[in-house]
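Nothing here was measured: the structure is a model prediction, and the numbers come from that model.
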Amino acid sequence: MKKFVNDPGNVLAEALRGIEAAHPELRVDAENRVISRAEPTRAGKVALVSGGGSGHEPLHGGFVGRGMLDAAAAGEVFTSPTPDQVLAATQAVDSGAGVLHIVKNYTGDVLNFEMAAELAAAEGVQVESVVVADDVAVTDSTWTAGRRGTGTTVVLEKIVGALAEEGADLAAVAELARRVSAAGRSMGVALTSCTVPAAGRPTFELPDDEMEVGVGIHGEPGRSRVKLASAHEIAKLMVDPVVHDFGEPVGPAIVLLSGLGGTPLIEQYLLYGEIAPLLAEAGVEVKRVLVGDYITSLDMAGASLTVVRADDEMLRLWDAPVVTPGLRWGA
């Protein structure tokens, strides 16, 4: 295993130290492993808190900043943050207007965020939660009850973060978050496994001439393991299940193609060049696109496609300025 590490068991703590050194606009609570904005949440603003296992960077800590999250709780690699971590994140950014928890649908995340919300409520903090469950590949996967939460999380954090910046109340922010969550579908393909530093070996074995269709972002099995195919064929394997799952014409949409950590950007754009005409043929009107590493799986070679059906309000909020380490525009 060749990685830039000192102690495999101390990767998260040392990475958080690096984030703190690189981004003075952020505050890092090393004890609770929480990343938050350096400036306090302004009075009257709903705070957005998310989090999950590390190894998916820039999700979630890279999306803490103006126009997106107020705080993120960082669990160990591929391990849910504890209720105490989520509670600490919630307390750190609550300004009295309430807090929205954005949770990917993994059993540990859901349970721990629920417990943290109950603890926060006992202290008088108003909390609403939205669970993202957008992966069309499988249902009731290794770590989930229901569909896994993947790329729609990024789109949701951007859109809802913009609404919160405008001063909308908690009920409005939560309602929009649930609409975005319901409007998203995702599908991933892996060409290689990933290697968790503490394990020191690939999470699963994948022969050079095979690929995993519908892989999860922790390396969970997908729909099938098939022979390695061309980018054109892979694009179809990603687009068809996503479009089919909507069950009706998609219309205007925001599209995210995220690398999984080990795929060069030139290959990601090549793949999107194959995806774009397939979406058009299926009636998807692509209004906004992001291509790059936004929700990863350590060093896994692969990609994940997310399509979010978008109304005019979502598109307007998508265009609002955002300044975070992982996403910047219009500022």
Side-chain angles (χ1 to χ4, degrees), residues 25-26 36-37 39 41-51 58-72 93-95 97-104 126-134 149-186 242 246 250-258 279 284-292 294-295 304-331:
E25 72 275 19
L26 301 178
S36 60
R37 301 194 204 185
E39 76 280 7
T41 308
R42 72 175 187 272
K45 179 191 176 300
V46 173
L48 271 58
V49 172
S50 193
L59 198 80
H60 292 275
F63 299 135
V64 173
R66 181 160 58 87
M68 289 190 77
L69 297 175
D70 293 274
V93 297
D94 174 49
S95 68
V99 178
L100 177 70
H101 284 175
I102 300 168
V103 189
K104 300 189 304 302
Q126 188 178 4
V127 177
E128 291 279 352
S129 298
V130 59
V131 176
V132 181
D134 61 326
T150 57
T152 298
T153 313
V154 178
V155 179
L156 188 153
E157 290 173 353
K158 170 66 189 78
I159 291 172
V160 177
L163 186 65
E165 292 289 354
E166 292 182 351
D169 64 21
L170 182 58
V173 170
E175 189 275 332
L176 177 62
R178 294 180 183 119
R179 279 201 289 125
V180 175
S181 178
R185 306 288 190 277
S186 294
V242 166
F246 279 103
V250 176
I254 296 168
V255 175
L256 171 71
L257 181 67
S258 180
L279 291 174
V284 180
E285 301 171 33
V286 180
K287 297 294 188 181
R288 307 289 189 275
V289 182
L290 281 182
V291 177
Y294 295 100
I295 174 168
S304 178
L305 172 67
T306 297
V307 176
V308 178
R309 180 188 284 127
D311 58 27
D312 288 343
E313 181 184 24
M314 293 179 192
L315 293 173
R316 179 186 70 80
L317 292 167
W318 180 261
D319 291 337
V322 58
V323 181
T324 75
L327 195 59
R328 295 170 178 262
W329 68 66

Quick one, R178 with E128, criterion salt bridge (charged side-chain N to carboxylate O under 4.0 Å, His left out). Give me CA distance, side-chain angles, the key distance, then yes/no. CA-CA 11 Å; R178 294 180 183 119; E128 291 279 352; 2.9 Å; yes
For H60 and T153, run side-chain contact (heavy atoms from CB on, under 4.5 Å): C-alpha distance rounded to whole Å, both residues' side-chain angles, the deciding distance at 0.1 Å, then the answer. CA-CA 9 Å; H60 292 275; T153 313; 3.7 Å; yes
Restricting to non-hydrogen atoms, name the atom on V255 and the atom on L279 that form the minimum distance, rounded to 0.1 Å. CG2-CD1, 4.0 Å
Would you find a donor on one side and an acceptor on the other, under 3.5 Å apart, between the side chain of T324 and the backbone of G62? yes
Any donor-acceptor pair under 3.5 Å linking the side chain of T41 with the backbone of S95? no
Could you go step by step and tell me if V154 and T306 meet the side-chain contact (heavy atoms from CB on, under 4.5 Å) rule? CA-CA 10 Å; V154 178; T306 297; over 6 Å; no
Quick one: does F246's side chain get under 4.5 Å of V284's, heavy atoms only? no
Using side chain to side chain donor-acceptor pair (under 3.5 Å) as the criterion, list what pairs up with E165, not counting sequence neighbours. R37, R42
Measure the spacing between CG of D70 and OG of S50 and express it to the nearest 0.5 Å. 11.5 Å
Using salt bridge (Lys or Arg N to Asp or Glu O under 4.0 Å) as the criterion, list what pairs up with K158, not counting sequence neighbours. none
If I take atom CG from residue D312 and atom NZ from residue K287, how far apart are they, to the nearest 0.5 angstrom? 9.0 Å
Counting heavy atoms not belonging to Q126, are there more than 12 under 6.0 Å from its CD? no
Approximate separation, where rounding is to 0.5 Å, of D319 CG and R288 CZ: 4.0 Å
Rounded to the nearest 0.5 Å, what separates atom CG in L100 from atom CG in L163? 10.5 Å
V250 and V307 have their tightest heavy-atom pair at CG1-CG1, 4.2 Å
Run the salt bridge (charged side-chain N to carboxylate O under 4.0 Å, His left out) test on E25 and R328 for me, step by step, so that the C-alpha distance in whole Å, both residues' side-chain angles and the decisive distance to 0.1 Å come before the verdict. CA-CA 14 Å; E25 72 275 19; R328 295 170 178 262; 3.7 Å; yes
Looking only at heavy atoms, the pair that brings P58 and G326 closest together is CB-CA, 4.1 Å
Where V64 and S36 come nearest, the two heavy atoms and their spacing: CG1-C, 3.7 Å
Is there side-chain contact between V322 and F63, with at least one heavy-atom pair below 4.5 Å? no
Please report the shortest heavy-atom distance between I295 and S258, naming the atom on each side. N-OG, 3.0 Å
Any heavy-atom pair between the side chains of E157 and L48 that's under 4.5 Å? no
Looking at T152, is its backbone amide N or carbonyl O close enough to the side chain of D134 to form a donor-acceptor pair, meaning the two atoms are under 3.5 Å apart? yes
How far apart are the closest heavy atoms of A97 and L170, and which atoms are they? O-CB, 3.8 Å
Should M314 and V155 count as side-chain neighbours, where that means a heavy-atom distance under 4.5 Å? no
Is H101 reaching over with its side chain to a backbone N or O of S129, donor-acceptor style, under 3.5 angstrom? no
Could you tell me whether a side-chain N or O of W329 sits under 3.5 Å from a main-chain N or O of A320, the two making a donor and an acceptor? yes
Is it true that a side-chain atom of R309 and a backbone atom of A183 form a donor plus acceptor pair closer than 3.5 Å? no
Does the pair V130 and V180 meet the rule for a side-chain contact (heavy atoms from CB on, under 4.5 Å), with working shown? CA-CA 10 Å; V130 59; V180 175; over 6 Å; no
